[in-house]
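Heads up: the structure comes next, in structure tokens.
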Amino acid sequence: MAGLEMVFFGVLVFVVGVLVIGNAWAVVDARIAAGDAAREAARAFVQSTDAAGAAAAADAAGRDALASEGRDARRATFDVTGTLARCARITVSVAYPVSLVGLPWVGGPGRLLTVHASQSELVDPYRSGLPGVASCATG
């Protein structure tokens, strides 16, 4: 019987280690999904045909990207800064909460960790359908 408690302790450490790795992977996977959503939202914004619907198109494209990766798009928040004008830089920021498993020795019950991703795009200066002239500085 001597030493059997060490086997149980070893199994417990192994299980906790697997859960730590699972939590880390959940955060990495959510960060990748948020980055993809930000990229698709930024692309939809700069390719939109009208300034009024650009933010809505970006939101819809970002949520579709999250849904295509099996994520609940309603949990994400999108923030678009910038305007749809030639040479304008827009930035889309996405925040997505990740549920973590509670682990012994590491923390109490499960908690939420919010991952953030952002993408910046430049509106094409030679794009048709937008008013004004290109005013990008070259060099």
Side-chain angles (χ1 to χ4, degrees):
M1 261 340 243
L4 189 61
E5 60 275 355
M6 292 311 292
V7 171
F8 293 132
F9 182 72
V11 169
L12 180 63
V13 169
F14 175 75
V15 169
V16 170
V18 168
L19 290 175
V20 166
I21 291 170
N23 276 345
W25 179 251
V27 171
V28 168
D29 189 41
R31 172 62 178 83
I32 291 170
D36 291 345
R39 184 184 66 244
E40 292 301 321
R43 185 173 296 152
F45 189 94
V46 299
Q47 292 178 351
S48 183
T49 56
D50 66 332
D59 188 75
R63 292 187 190 282
D64 287 346
L66 283 173
S68 72
E69 295 192 24
R71 299 280 174 178
D72 184 5
R74 296 173 297 185
R75 296 177 64 193
T77 56
F78 289 82
D79 181 37
V80 180
T81 57
T83 60
L84 186 63
R86 295 176 196 275
C87 299
R89 180 161 301 277
I90 64 102
T91 302
V92 177
S93 299
V94 178
Y96 191 83
V98 180
S99 300
L100 300 178
V101 176
L103 300 173
W105 305 313
V106 178
R111 60 186 191 275
L112 288 178
L113 176 73
T114 303
V115 295
H116 299 274
S118 62
Q119 177 71 29
S120 181
E121 294 275 338
L122 189 65
V123 179
D124 187 1
Y126 303 112
R127 166 133 178 242
S128 64
L130 293 179
V133 296
S135 62
C136 297
T138 59

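When reading the values below, keep in mind they use all heavy atoms of this one structure, side chains included, and skip hydrogens, waters and symmetry mates. Note that the numbering runs from 1 along the sequence shown for the chain.
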Nearest non-hydrogen partners of S120 and T91, listed with the distance: OG-OG1, 3.7 Å
Atom pair CG (L122) and CZ (R86), whose distance is rounded to the nearest 0.5 Å: 12.5 Å
Worked check of side-chain contact (heavy atoms from CB on, under 4.5 Å) between D50 and L84: CA-CA 8 Å; D50 66 332; L84 186 63; 5.8 Å; no
Residues which pass salt bridge (charged side-chain N to carboxylate O under 4.0 Å, His left out) with D29, listed by chain and number, not counting sequence neighbours: R71
Over-ring placement of R75 relative to Y96, 6.0 Å and 45° cut-offs: yes
Where A76 and V94 come nearest, the two heavy atoms and their spacing: CB-CG1, 4.5 Å
Trace of the side-chain contact (heavy atoms from CB on, under 4.5 Å) decision for I90 with V46: CA-CA 8 Å; I90 64 102; V46 299; 3.7 Å; yes
Nearest-0.5 Å distance that lies between atom CD1 in I21 and atom CH2 in W25: 12.0 Å
Exercise: identify the closest heavy-atom pair between A44 and A57: CB-O, 3.7 Å
Approximate separation, where rounding is to 0.5 Å, of D36 CG and D64 CG: 13.0 Å
Non-hydrogen atoms of T83 and F45 that approach each other most closely: C-CE2, 4.0 Å
same_hphob_cluster(V28, L66) at 4.5 Å side-chain heavy-atom cutoff: no
Spacing of E121 atom CD and Q47 atom CD [to the nearest 0.5 Å]: 8.5 Å
CE on M6 to CG on L12, rounded to 0.5 Å: 11.0 Å
Shared hydrophobic cluster for V92 and I32 (ILVMFWY, side-chain gaps under 4.5 Å): no
Considering all heavy atoms, the nearest R39-Q119 contact: CA-CG, 3.7 Å
Side-chain (R31) to main-chain (V115) donor-acceptor, under 3.5 angstrom: no
Shortest non-hydrogen contact from T114 toward A95: CG2-CB, 3.9 Å
Nearest-0.5 Å distance, CG of residue L100 to CG of residue N23: 4.5 Å
